[in-house]
Amino acid sequence: MDDQTKCVHLTGDWEREFHSLVPPVHRGSTVVFPTVDAYQRRRESFYDGYSYGLYGTPTSRALEAQIAALDSGSRALVVPSGLAAIALTTLSCTRSGDRVLLPDNIYDPVRTFAQTFLEPFGVEVAYYDPLIGRGIVDLVEDNVRLIWVESPGSVTMEVQDVPGIVEAAHARGIMVAADNTWATPLRFKPLAYGVDFSVTAISKYFAGHSDVLMGAISVRDEGLYRRLRDVSRVLGYGVSPEDCSLVLRGIETLSVRLDRAETSALILARWLEQQPEVLEVLHPAFASHPGHEHWRRDFSGSSGLFSVILRPTARPRLASVIEALEFFSIGASWGGTKSIVAVIDPAPLRTVAAPDDRGPIVRFSLGLESIDDLKRDLENAFRLFAADKPHEVLPPLRHRA
Ligand SMILES: *Cc1c(COP(=O)(O)O)cnc(C)c1O
């Protein structure tokens with residue numbers, strides 16, 4: 001064999017007897033077959049086996065099996081982002097003339113998808129009050145094909161009556177899809193409550209380290225799974241095996257990360273509730289919170305994301321208070337190891353009801369820093385709100401004993 005050939009052809013039995021604790025990263029675009037017959041029948045392997053790297057690798061299949069198991073589904077599929085998962089789910093069960101119902105507090109980019117994509121293609125979109133519950137029956141006209149729920153909504157945190165909506169929808173043969181990113185299947189399992197599609201932005205808690213973009217859809221029905229795969233194929237969706245490997249690693253610590261984020265969020269939410277600048281804490285575990293009774297009934301816990309509504313009088317100093325935070329970076333994409341804060345002012349767009357304009361909304365995502373550091377950080381920053389106490393310059397926490 002010439003060197004040029006040796007450069008491109010592997011020799012040796014190097015894969016034998018290496019049993020690792022972790023699933024290997026299988027890179028590959030082309031998949032090769034032992035016989036012409038196997039090659040010509042490769043499409044039979046589309047839904048389960050391997051026919052082309054874009055349609056699945058052992059690494060992506062390992063991740064999908066893991067996600068399906070956590071969701072108590074029979075099947076899952078991973079796609080390039082959470083938004084891609086929402087778009088794929090919607091496109092897989094609607095056509096021109098159909099109508100989709102979206103909760104008024106839905107993840108904001110979905111509105112843009114509806115407006116710039118669904119509506120021009122003839123799919124009608126209507127928004128509903130997320131707290132409508134069984135009252136959704138009044139909105140299910142004959143052409144409604146799909147109802148989305150997002151519970152809790154990722155800014156204003158209303159918790160929906162998911163089983164109530166599912167019952168009303170299924171009575172009319174309408175499918176229900178849930179964006180379960182806030183809870184993850186460790187805190188709420190939509191499929192167990194009759195939801196047809198459980199969607200998670202893997203970019204958040206599953207990946208968990210702010211370095212991967214991915215989404216997942218879990219289902220119990222083989223027909224729905226195949227339909228999702230078919231639409232995913234024509235859209236050319238695929239995920240990299242390296243990213244799948246990072247998510248597989250992330251999932252191993254998901255439960256401890258969520259426990260920590262949950263505890264820190266509850267401690268800080270209770271502290272924030274005492275602050276004079278805070279009008280209301282938006283956290284599903286708070287008894288006064290809209291939909292709290294559904295959270296108690298259906299969820300096994302909470303996560304690290306919550307919001308507060310500040311008094312309008314906080315506005316002039318808000319930016320300097322937020323910028324004074326040492327351990328909370330300003331950003332949108334939550335669910336990582338590092339704490340994040342986002343100022344949402346004006347309040348998010350609403351169609352059914354007027355936006356809640358009682359004051360600026362600040363959303364916190366708690367990471368894995370020490371709760372003492374995070375609390376001191378907030379205490380220091382919030383001191384800047386007190387107008388009569390002009391800027392007390394404290395040394396950064398990191399440099400203090
Ligand atoms: C982030 C997010 C998404 C979208 O996920 P990407 O991977 O960023 O596209 C969808 N829904 C919710 C609730 C989110 O927070």
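All values below come from the heavy atoms of this structure, side chains included, with hydrogens, waters and symmetry mates left out.
Note that CG of L254 is 15.0 Å distant from CZ of R249, once rounded to the nearest 0.5 Å. Between the CG atom in N143 and the CZ atom in R95 there is a gap of 13.0 Å [rounded to 0.5 Å]. Going from atom CD1 of I86 over to atom CZ of F197 covers 13.0 Å, rounded to the nearest 0.5 Å. With rounding to the nearest 0.5 Å, the separation of CG in L268 from CD in E379 is 9.5 Å. To the nearest 0.5 Å, the span separating CD1 on I340 from OG on S210 amounts to 6.0 Å. The OG atom of S151 sits 9.0 Å away from the CG atom of D161 when rounded to the nearest 0.5 Å.
Here the closest heavy-atom approach between residue F306 and residue A265 is recorded as CE2-O, 3.6 Å. Closest approach of E369 to F327, counting heavy atoms only: OE2-O, 3.6 Å. Looking at every heavy atom in both residues, P80 comes nearest to G238 through CG-O, 3.5 Å. Here the closest heavy-atom approach between residue V176 and residue A169 is recorded as CG2-CB, 3.5 Å. The heavy-atom pair separating I67 from A216 by the smallest distance is CD1-CB, 3.9 Å. When every heavy atom of P103 is checked against every heavy atom of E150, the shortest pair comes out as CG-N, 3.9 Å.
Under a 4.0 Å N-O distance rule, the pair D345/R315 qualifies as a salt bridge. Under the 4.0 Å criterion applied to side-chain N and carboxylate O atoms, R350 and D356 are not assigned as salt-bridge partners. Ionic pairing of R297 and E293 is not present here: no N-O contact between side-chain nitrogen and carboxylate oxygen is shorter than 4.0 angstrom. Under a 4.0 Å N-O distance rule, the pair R376/D373 qualifies as a salt bridge.
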Could you pull out all donor-acceptor pairs under 3.5 Å where a side-chain atom in residues 134-142 meets a protein atom, sequence neighbours excluded?
residue	atom	partner	partner atom	Å
R134	NH1	E167	OE1	2.9
R134	NH1	E167	OE2	3.3
D142	OD1	R172	NH2	3.4

Dump the intermediate steps for side chain to side chain contact (heavy atoms under 4.5 Å, CB included) on I330 and I322, then the final yes or no.
-> CA-CA 8 Å; I330 301 169; I322 296 298; 3.9 Å; yes
Give the intermediate values and the outcome of salt bridge (Lys or Arg N to Asp or Glu O under 4.0 Å) for residues K6 and D3.
-> CA-CA 5 Å; K6 282 183 193 161; D3 284 350; 3.8 Å; yes
Using the side chain to side chain contact (heavy atoms under 4.5 Å, CB included) rule, take R227 and L88 through it: C-alpha gap first, then chi angles, then the decisive distance, then the call.
-> CA-CA 10 Å; R227 174 78 186 142; L88 175 62; over 6 Å; no
Stepwise salt bridge (Lys or Arg N to Asp or Glu O under 4.0 Å) test for R270 and E273 | CA-CA 5 Å; R270 287 190 191 112; E273 198 181 27; over 6 Å; no
Please report the C-alpha distance between Y205 and W334 in whole Å, then the side-chain angles of each, then the deciding distance to 0.1 Å, and finally whether the ring-ring contact (aromatic ring centres under 6.0 Å, His included) criterion is met.
-> CA-CA 8 Å; Y205 284 119; W334 44 276; 5.6 Å; yes
Are D48 and R75 close enough, and set up right, to give a salt bridge (Lys or Arg N to Asp or Glu O under 4.0 Å), and what steps lead you there?
-> CA-CA 10 Å; D48 277 310; R75 294 287 207 159; 2.8 Å; yes
Run the numbers on C244 and E64 for side chain to side chain contact (heavy atoms under 4.5 Å, CB included), then give the verdict.
-> CA-CA 9 Å; C244 290; E64 287 168 345; over 6 Å; no
Give the intermediate values and the outcome of salt bridge (Lys or Arg N to Asp or Glu O under 4.0 Å) for residues D230 and R226.
-> CA-CA 6 Å; D230 292 341; R226 290 189 170 224; over 6 Å; no
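Between the side chain of S303 and the backbone N or O of W182, at least one donor-acceptor pair lies under 3.5 Å. At distances below 3.5 Å, not a single donor-acceptor pair connects side-chain atoms of D196 with backbone N or O atoms of A177. Side-chain atoms of R311 come within 3.5 Å of backbone atoms of P276 as a donor-acceptor pair (strictly under, hydrogens ignored). S264 places no side-chain N or O within 3.5 Å of a backbone atom of G304 that could act as its donor or acceptor partner. A donor-acceptor contact shorter than 3.5 Å is absent between the side chain of S60 and the backbone of G56. Side chain of H209 to main chain of D211: no donor-acceptor pair is present (N/O by atom type, distance under 3.5 Å, no hydrogens or angles). Put simply, the side chain of R260 gets close to the backbone of L368: a donor and an acceptor are under 3.5 Å apart. For the pair R220 (side chain) and G73 (backbone), a donor-acceptor distance under 3.5 Å is absent. Listed for the H9 side chain is no donor-acceptor partner under 3.5 Å among the backbone atoms of Q4. In terms of modelled atom types and a separation under 3.5 Å, the side chain of R99 and the main chain of R145 share no donor-acceptor contact.
For the 3.5 Å distance criterion, the side chains of D37 and T35 fail to qualify, holding no donor opposite an acceptor.
In this structure the side chain of I147 reaches within 4.5 angstrom of the side chain of Y128, judged on heavy atoms. Taking the side chain as every heavy atom from C-beta outward, V162 and P190 never approach each other to under 4.5 Å. V110 places none of its side-chain heavy atoms less than 4.5 Å from the side chain of W148. No side-chain heavy atom of L146 sits less than 4.5 Å from a side-chain heavy atom of I174. Residues Y237 and L77 form no side-chain contact, since every pair of their non-hydrogen atoms from C-beta on lies 4.5 Å or further apart. Under the 4.5 Å side-chain criterion, counting only non-hydrogen atoms from C-beta, D372 is not in contact with L374. Taking 4.5 Å as the limit, every side-chain heavy atom of L131 sits out of range of all side-chain heavy atoms of Q160. For the pair L228 and V219, the minimum side-chain heavy-atom distance is below 4.5 Å.
Under the 6.0 Å cut-off for aromatic ring centres, W271 and F382 qualify, their centroids lying closer than that.
Remark: A314 pairs with E277, L310, F385 by the side chain to side chain contact (heavy atoms under 4.5 Å, CB included) rule, at least two apart or across chains. In this view, Y39 satisfies the side chain to side chain donor-acceptor pair (under 3.5 Å) rule with no residue, not counting sequence neighbours. When the side chain to side chain contact (heavy atoms under 4.5 Å, CB included) test is applied to E262, the partners found at least two apart in sequence or on another chain are R187, D259, L266, S302. Remark: D104 engages R111 in a side chain to side chain donor-acceptor pair (under 3.5 Å) (not counting sequence neighbours). Residues forming a side chain to side chain contact (heavy atoms under 4.5 Å, CB included) with P58 (at least two apart in sequence, or on another chain): H26, Y50.
Around the CZ atom of R233, the shell of radius 6.0 Å holds more than 12 heavy atoms that belong to other residues, nucleotides or ligands.
The aromatic rings of Y193 and F188 sit tilted relative to each other, their planes meeting at an angle between 30° and 60°. Classified by interplanar angle (parallel below 30°, tilted 30° to 60°, perpendicular above 60°), the ring pair Y55/Y52 is perpendicular.
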